[in-house]
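Residue numbers start at 1 and run along the sequence shown. As a basis for the values below, the full set of heavy atoms in this structure was taken, side chains included, without hydrogen atoms, waters or symmetry mates. On a predicted model such as this, the values are computed, not experimentally measured, just so you know.
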Amino acid sequence: AARVNQFRACVCLPPLPRWNDGEACANQDAQYDSQQNVAHAGFQARICTSGNAQDECPNWKSATQVISQCLQQMFNEGPPPTTPCTGSCYSTHGHYINMTGTSYKSGVACGFYTTSSGSMWAAQNFK
């Protein structure tokens with residue numbers, strides 16, 4: 001949550017509270033997605049209460065890389081050129097939109113799962 005809020009501060013947005021009650025679900029999403037080998041599979045299947053939007057870092061080498069590199073790549077997608085941003089626009093800018101969304105004010109829950117081979121999956125669920 002802290003890293004997401006650092007990026008929000010870069011665009012003059014208030015921080016999101018840590019959504020503690022959502023972290024068990026975010027962990028479930030990360031584990032389920034690693035087992036399916038598909039990002040957002042748990043969110044789309046609604047295996048638990050994931051909130052309103054999700055960013056995910058699939059198959060990274062460590063939590064450090066997730067926080068320093070994956071989240072940075074998502075923020076680097078930048079703001080969309082049009083509003084509304086749907087279809088291919090959302091495919092290109094969706095992670096940034098979720099990180100900086102003003103409609104998600106209740107919090108962000110971060111979940112992690114490490115596979116038996118050592119890869120890290122991390123879900124960020126926004127409410």
What distance separates His93 NE2 from Ser88 OG, expressed to the nearest 0.5 Å?
8.5 Å
Say you draw a straight line from SG of Cys110 to CD1 of Ile67; how long is it, rounded to the nearest 0.5 Å?
8.0 Å
Going by salt bridge (charged side-chain N to carboxylate O under 4.0 Å, His left out), name the pairs with one or both residues in residues 14-33, residues two or more places apart or in two chains.
Arg18-Glu23
Look at the side chain of Thr100 and the backbone N and O of Tyr96, then say whether any donor-acceptor pair between them is shorter than 3.5 Å.
yes
Would you say Ile47 ends up clustered with Val38 if hydrophobic residues are merged whenever their side chains have heavy atoms under 4.5 Å apart, either directly or through other cluster members?
no
So how far is it from Ser68 OG to Gln73 CD, rounded to the nearest 0.5 Å?
9.5 Å
Are the side chains of Gln124 and Asn98 in touch, meaning some heavy atoms are under 4.5 Å apart?
no
Under the disulfide (SG to SG under 2.5 Å) rule, collect the residues that match up with Cys10, sequence neighbours excluded.
none
Could you tell me whether the side chain of Asn52 reaches within less than 4.5 Å of the side chain of Phe126, counting heavy atoms only?
no
Just do the side chain to side chain contact (heavy atoms under 4.5 Å, CB included) check on Cys85 and Ile97 with the steps written out, would you?
CA-CA 9 Å; Cys85 178; Ile97 290 168; 3.8 Å; yes
Scan for salt bridge (charged side-chain N to carboxylate O under 4.0 Å, His left out) pairs involving residues 69-80, sequence neighbours excluded, and state none if there are none.
none
Pairs flagged by salt bridge (charged side-chain N to carboxylate O under 4.0 Å, His left out) wherever residues 82-95 is involved - sequence neighbours left out:
none
Ignoring hydrogens, what is the shortest heavy-atom contact between Pro17 and Ser106? Give both atom names and the distance.
CG-O, 3.3 Å
Asn76 and Gln72 side chains, donor-acceptor separation under 3.5 Å
yes
Could you state whether Trp19 and Leu13 fall into the same hydrophobic cluster, counting links through intermediate Ile, Leu, Val, Met, Phe, Trp or Tyr residues with side-chain heavy atoms under 4.5 angstrom apart?
no
Got a sec, which residues hit disulfide (SG to SG under 2.5 Å) with Cys57, two or more places apart in sequence or on another chain?
Cys70
Let me confirm one number: the CG-OG1 distance from Asn125 to Thr49, rounded to the nearest 0.5 Å.
10.0 Å
For the student: nearest non-hydrogen atoms of Arg8 and Pro14, plus distance:
NE-O, 2.8 Å
Met99 CE to Gln6 CD distance, which is reported to the nearest 0.5 Å
9.5 Å
Do you know which two heavy atoms are closest between Ala123 and Gln54, and how far apart they sit?
CB-NE2, 3.7 Å
Tracing side-chain contacts under 4.5 Å among Ile, Leu, Val, Met, Phe, Trp and Tyr outward from Trp60 reaches Val66, Phe112, Met120
Look only at the side chain of Asn5 and the backbone of Leu16, and say whether a donor-acceptor pair between them is shorter than 3.5 Å.
yes
Given side chain to side chain contact (heavy atoms under 4.5 Å, CB included), test Asp55 with Phe43 step by step and report yes or no.
CA-CA 10 Å; Asp55 287 347; Phe43 183 84; over 6 Å; no
If every non-hydrogen atom of Pro80 is compared with every non-hydrogen atom of Cys89, which pair is closest and at what distance?
CB-SG, 3.7 Å
Roughly how far, to the nearest 0.5 Å, is OH of Tyr32 from NE2 of His40?
14.0 Å
Angle between ring planes, Phe75 versus Phe7, binned at 30° and 60°: parallel, tilted or perpendicular?
parallel
